Engineer: 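Below is one structure. I have some questions about it.
Hydrogens, waters and symmetry mates play no part in the numbers below; they use all other heavy atoms, side chains included. Everything numeric in this text was worked out from a predicted model, so none of it was measured. In what follows, chains are A, B, ... by sequence order, proteins preceding strands, each numbered from 1.
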There are 2 protein chains.
Amino acid sequence: MEYDEGRVMGLLRQRGLRCTAQRLAVLKVLDETPHHLSAQEVLSAVRQDLPRVGLATIYRTLELLADLGLVARVHLVDGCHRYTAASSGHRHQLICSRCGLVVEFGECALSGLTETIARRTEFAIEGHWLQLYGRCRDCRRGVALA
Amino acid sequence: MEYDEGRVMGLLRQRGLRCTAQRLAVLKVLDETPHHLSAQEVLSAVRQDLPRVGLATIYRTLELLADLGLVARVHLVDGCHRYTAASSGHRHQLICSRCGLVVEFGECALSGLTETIARRTEFAIEGHWLQLYGRCRDCRRGVALA
DNA sequence: ATATTTGCAAAGGATTTGCACACAC
DNA sequence: GTGTGTGCAAATCCTTTGCAAATAT
């Protein structure tokens, strides 16, 4: 939905990076799935278009796209390292703990809190990271009245 | 500071778990360092007292202590899986991005936000996870006026 | 006494790296 | 044409597991 090939190509070229089929394909895959994906899952999906890609390329690409702010790393409670398309701006994620659905939300009610904390701790706050976990509408159904 | 051997032993016994030198040592190490530590680093520290411990024991112990709520997993922006002593109650962490110092804070200004999000997304929110990043007082000095 | 926990070594996964070839520019 | 990016395979790193011996209760 947010995906705009032209914008992406622009972003890559701005930094002197090349615009390859693999990079566009990884981004497209992430953009088309509402769930977060592991590198392995991204590989499988990308291979439907580009059968010869390797896992190493997927990792290299995911890192690059994360640096560009185009994909977001999602950390689950247990393991880590799954990926999802990132929309622009300051956003956080709501993640379904059953099916993995990722919903982003933009509100950030933390500014007041960070100021208080900064004053008390004498930290210079650089950023924060917030994820909410829960059951999405469809997954609530399967669990009766939770 | 928070560390109370008697309390820990009680917690272990309550669950039918045994109170071993390794478990106490891991907890003590985490409690004595204000930084977060990797499993490897915990191993080195514990070996000063118990030279024969193995990494597997460290992993098993860290997981067990995390389940008991005595240690908290810290996830950094890049990699993951570092550990630090956890105080009780609902707390979040402020982490120095330069030296790794971990400061916990208890305020949770998120309740209002979670309600709004829950209503709009139809998610049943189960929990959240918040970490703040910044430079601690000492590390700010080294970087002139940030 | 006995069930849990440990240490060791081996297995398992995920991620990274080296290098020749392919491709975007 | 030239330098970046890719595919492949091997290497590396982190974490888990199986099992006999050690140990807390």
Engineer: Distance check needed: C:dT5 C1' versus B:Arg15 CZ, whole Å only.
Structural biologist: 18 Å
Engineer: Rounded to whole angstrom units, what separation is found between the CD atom of A:Gln22 and the P atom of D:dT4?
Structural biologist: 17 Å
Engineer: To check you understand the geometry: which heavy-atom pair defines the closest contact between A:Leu12 and A:Cys19, and what is its length?
Structural biologist: CD1-CA, 4.0 Å
Engineer: Can you tell me how far the CZ atom of A:Arg140 sits from the SG atom of A:Cys96, to the nearest 0.5 Å?
Structural biologist: 10.5 Å
Engineer: So which heavy atom on A:Arg23 is nearest to which on A:Leu17, and how close?
Structural biologist: NH1-CB, 3.9 Å
Engineer: Run the side-chain donor-acceptor check on residues 47-64 of chain B: report pairs under 3.5 Å with partners two or more places apart or on a different chain.
Structural biologist:
| unit_1 | atom_1 | unit_2 | atom_2 | d |
| --- | --- | --- | --- | --- |
| B:Arg47 | NE | B:Val53 | O | 3.0 |
| B:Arg47 | NH2 | B:Val53 | O | 2.8 |
| B:Thr61 | OG1 | B:Thr57 | O | 2.7 |

Engineer: Given atom CG of A:Leu37 and atom P of C:dT15, what is their separation to the nearest angstrom?
Structural biologist: 13 Å
Engineer: What distance separates A:Arg119 CZ from A:Ile125 CD1, expressed to the nearest 0.5 Å?
Structural biologist: 11.0 Å
Engineer: Identify, residue by residue, the members of residues 39-46 of chain B with a heavy atom below 4.0 Å from DNA chain D, and return them in order of residue number, or none.
Structural biologist: none
Engineer: Would you name the heavy atoms of A:Tyr83 and A:Leu30 that are closest together and state the gap between them?
Structural biologist: O-CD2, 3.6 Å
Engineer: Measure CG/B:Leu17 against P/C:dT2 and give the value in whole Å, please.
Structural biologist: 21 Å
Engineer: How long is the span from the CG atom in B:Leu11 to the CG atom in B:Leu65, to the nearest 0.5 Å?
Structural biologist: 10.0 Å
Engineer: Using whole Å, report how far CZ of A:Arg52 lies from C1' of D:dT6.
Structural biologist: 10 Å
Engineer: Would you kindly give the CG-to-P distance between B:Leu12 and D:dT23, to the nearest whole Å?
Structural biologist: 18 Å
Engineer: In Å and rounded to the nearest 0.5 Å, what is the CZ to CZ distance from A:Arg18 to A:Arg13?
Structural biologist: 11.0 Å
Engineer: Using the side chain to side chain contact (heavy atoms under 4.5 Å, CB included) criterion, which residues pair with B:Ser38? Sequence neighbours excluded.
Structural biologist: B:Gln40, B:Glu41, B:Arg82
Engineer: Would you list the protein and nucleotides 1-3 of chain D atom pairs, both N or O, that sit under 3.5 Å from each other?
Structural biologist:
| unit_1 | atom_1 | unit_2 | atom_2 | d |
| --- | --- | --- | --- | --- |
| D:dG3 | N2 | A:Arg18 | NH1 | 2.5 |
| D:dG3 | N3 | A:Arg18 | NH1 | 3.3 |

Engineer: Which heavy atom of A:Met9 sits nearest a heavy atom of A:Leu24, and at what distance?
Structural biologist: CG-CD2, 4.4 Å
Engineer: I need the A:Cys136 SG to B:Glu122 CD distance, nearest 0.5 Å.
Structural biologist: 10.0 Å
Engineer: Are side-chain heavy atoms of B:Arg7 and B:Leu70 found at a separation under 4.5 Å?
Structural biologist: yes
Engineer: In whole angstrom, give the distance that lies between atom CZ of A:Arg82 and atom P of C:dG13.
Structural biologist: 16 Å
Engineer: Based on the rotation axes of five pairs at each end, what angle does the helix from C:dA1-D:dT25 to C:dC25-D:dG1 bend through, to 10°?
Structural biologist: 40°
Engineer: It should be established whether B:Thr57 places a side-chain nitrogen or oxygen under 4.0 Å from OP1 or OP2 of nucleotide C:dT5.
Structural biologist: no
Engineer: Return the value, rounded to whole Å, for the distance between atom CG of A:Leu62 and atom P of C:dT15.
Structural biologist: 9 Å
Engineer: Quick one: CG on B:Leu27 to CD on B:Gln22, what's the gap to the nearest 0.5 Å?
Structural biologist: 13.5 Å
Engineer: Dump every N/O contact between nucleotides 16-20 of chain C and the protein below 3.5 Å, one line per pair.
Structural biologist:
none

